[in-house]
Amino acid sequence: MAHINSNYLNIKESYLFSEVAKRANAYKAEHPEADVIRLGIGDVTRPLCPTVIDALHEGVDAMAATETFKGYGPEQGYDFIKESLKAYYAEKGVDLDKDEIFISDGAKSDLGNILDIFSKDNLVLVPDPVYPVYVDTNTMDGREIAYLEANEANGFLPMPNYDIKADLIYLCSPNNPTGAVYNREQLAEWVKYANDNNSVIFFDAAYECFVSDPSLPRSIYEIEGAKTCAIEFCSFSKTAGFTGTRCGYTVVPFDLIRDDCVVNKFWLRRQTTKFNGVSYITQKGAAAVFTEEGKKQIAENIDYYKQNAKTITETLDRLGIWYCGGKHSPYIWFKCPDNMGSWEFFDALLEKANVVGTPGEGFGENGKGYFRLTSFSTHENTIEAMKRFEKAFSK
């Protein structure tokens, strides 16, 4: 008799964002006349920039001729995009070998798949509130999870608890869902903790492109000692609007060694066995992001979303609502008005303003009473949504 992985019984039946969509769609079905604006799921709205589109066309054309056709490519990515990423990291003062960079179909996939090369008896440490994928993928494997409390008192940036000897640690900065950003001193303390305990940090840098303050790190490898204790995950989804195109990358330094094994070699072996690589066409488009014109056009899109974030935070300022994020992040995390619960406020916001956001409770216990809005909508929709918000919740 075949047996299922019973660990799946320990995860919620519905993924958070599926539940948000389900409730929003049900409301829309009952109120077809309502103009519902969605500021919940972190999907982008700006099209791919012209430089990327041109490169994608070049990739398509290459597939149409025998001399330039590409079949199976290297599972870890073509050298041309890895060299572009190496140069991108050099701009941050980080020196990488191209073979420390692995191209993938997105950070979400790699954050789950990386667990294949680590033992199931590792103790996992995650902050609360937290991106659900970190918790769900480890629950699926049956690992023990410990939580670090993120709250208003610590600015939703928890620091190491030396009473907990964690093996695998998830950090996300700028953070999803809170938008909070670790500074160099704080990340240095995490790196010290990980090296002292032979832990491994999974550093999710998916939103690094939103950081505009040079004093704030955009990669954990800007911190001395991080190469011996950290794996970094990033994506083109928010940087370049690849949420539907799918491309990301993971950095596994050669200096990261556990149980006398080079972790990079384990990840290479996992990828060459279980992953066929990202399409040549997609990698052509992704590499164009790092050209001079590509960087200029990408910056314009990022600035567009930052303006939306400013529209949201200025509204919260006028209403006297506590929040974090928004400045160096596309996410704005705020306290629900009138001490409402997260799902209670979800319903109130939908009914009073026809606006959809994401209840903080869906990200963990410490998310109760908080709410997340994203800046990934259009200017017009963001302005209209916040006008409705202000009208509905002004005193």
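Bear in mind the structure is a predicted one, so any value in this text is a computation, not a measurement. Values below: all heavy atoms of this structure, side chains included; hydrogens, waters and symmetry mates excluded.
Among pairs with a residue in residues 218-238, those fulfilling side-chain hydrogen bond (donor to acceptor under 3.5 Å, both in side chains) read Y88-R218, Y89-E232, R184-E222, N195-T228, E208-R218, S219-E232, S235-S237, S237-R246, at least two apart in sequence or across chains. The ring pair (Phe, Tyr, Trp, His ring centres under 6.0 Å) contacts involving residues 24-56 comprise Y27-H31, where partners must be two or more places apart or lie in separate chains.
Think of V211 as one node in a network of Ile, Leu, Val, Met, Phe, Trp and Tyr side chains linked at under 4.5 Å; its network also takes in V181, L216. The other residues sharing a hydrophobic cluster with V262 are I257, where clustering joins ILVMFWY side chains under 4.5 Å apart.
Remark: K335 pairs with E152 by the side chain to side chain donor-acceptor pair (under 3.5 Å) rule, at least two apart or across chains. Listed by chain and number, the residues in a salt bridge (Lys or Arg N to Asp or Glu O under 4.0 Å) with D61 amount to none (sequence neighbours excluded). For Y331, the ring-ring contact (aromatic ring centres under 6.0 Å, His included) criterion is met by Y207, not counting sequence neighbours. Q297 pairs by the side chain to side chain donor-acceptor pair (under 3.5 Å) definition with T51, E293, not counting sequence neighbours. Checked against salt bridge (Lys or Arg N to Asp or Glu O under 4.0 Å), D79 has the following partners two or more places apart in sequence or in another chain: K98. The salt bridge (Lys or Arg N to Asp or Glu O under 4.0 Å) check on D121 picks up nothing, with sequence neighbours excluded. In terms of the salt bridge (Lys or Arg N to Asp or Glu O under 4.0 Å) criterion, residue partners of E292 (sequence neighbours excluded) are, by chain and number, K295. In terms of the ring-ring contact (aromatic ring centres under 6.0 Å, His included) criterion, residue partners of Y304 (sequence neighbours excluded) are, by chain and number, H379.
Taking the six-membered ring for Trp and the full ring otherwise, the centers of F334 and Y323 sit at least 6.0 Å from each other. For F371 and W333, the gap between ring centers reaches or exceeds 6.0 Å.
Side-chain contact between L157 and Q186 is present, with at least one heavy-atom pair separated by less than 4.5 Å. Looking only at side-chain heavy atoms (C-beta outward), D116 and F266 stay at 4.5 Å or farther from each other.
One finds a salt bridge joining D35 and R388 here, because a Lys/Arg side-chain nitrogen approaches an Asp/Glu carboxylate oxygen to under 4.0 Å. The residues R23 and E19 are annotated as salt-bridged, a charged nitrogen and a carboxylate oxygen being separated by less than 4.0 angstrom.
Side-chain atoms of Y162 and N197 include no donor-acceptor pair closer than 3.5 Å. Counted by atom type alone, T243 and D43 present one or more donor-acceptor pairs between their side chains at under 3.5 Å.
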Between F393 and L349, does the side chain to side chain contact (heavy atoms under 4.5 Å, CB included) criterion hold? Intermediate values first, please. CA-CA 9 Å; F393 298 102; L349 184 62; 3.7 Å; yes

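When hydrophobic clusters are built by joining Ile, Leu, Val, Met, Phe, Trp and Tyr residues whose side-chain heavy atoms come closer than 4.5 Å, directly or via intermediates, V126 is grouped together with V200. F346 and L39 fall within the same hydrophobic cluster, defined by Ile, Leu, Val, Met, Phe, Trp and Tyr side-chain heavy atoms under 4.5 Å apart, directly or through other members.
Remark: F254 CZ is packed, more than 12 non-hydrogen atoms of other residues, nucleotides or ligands lying under 6.0 Å away.
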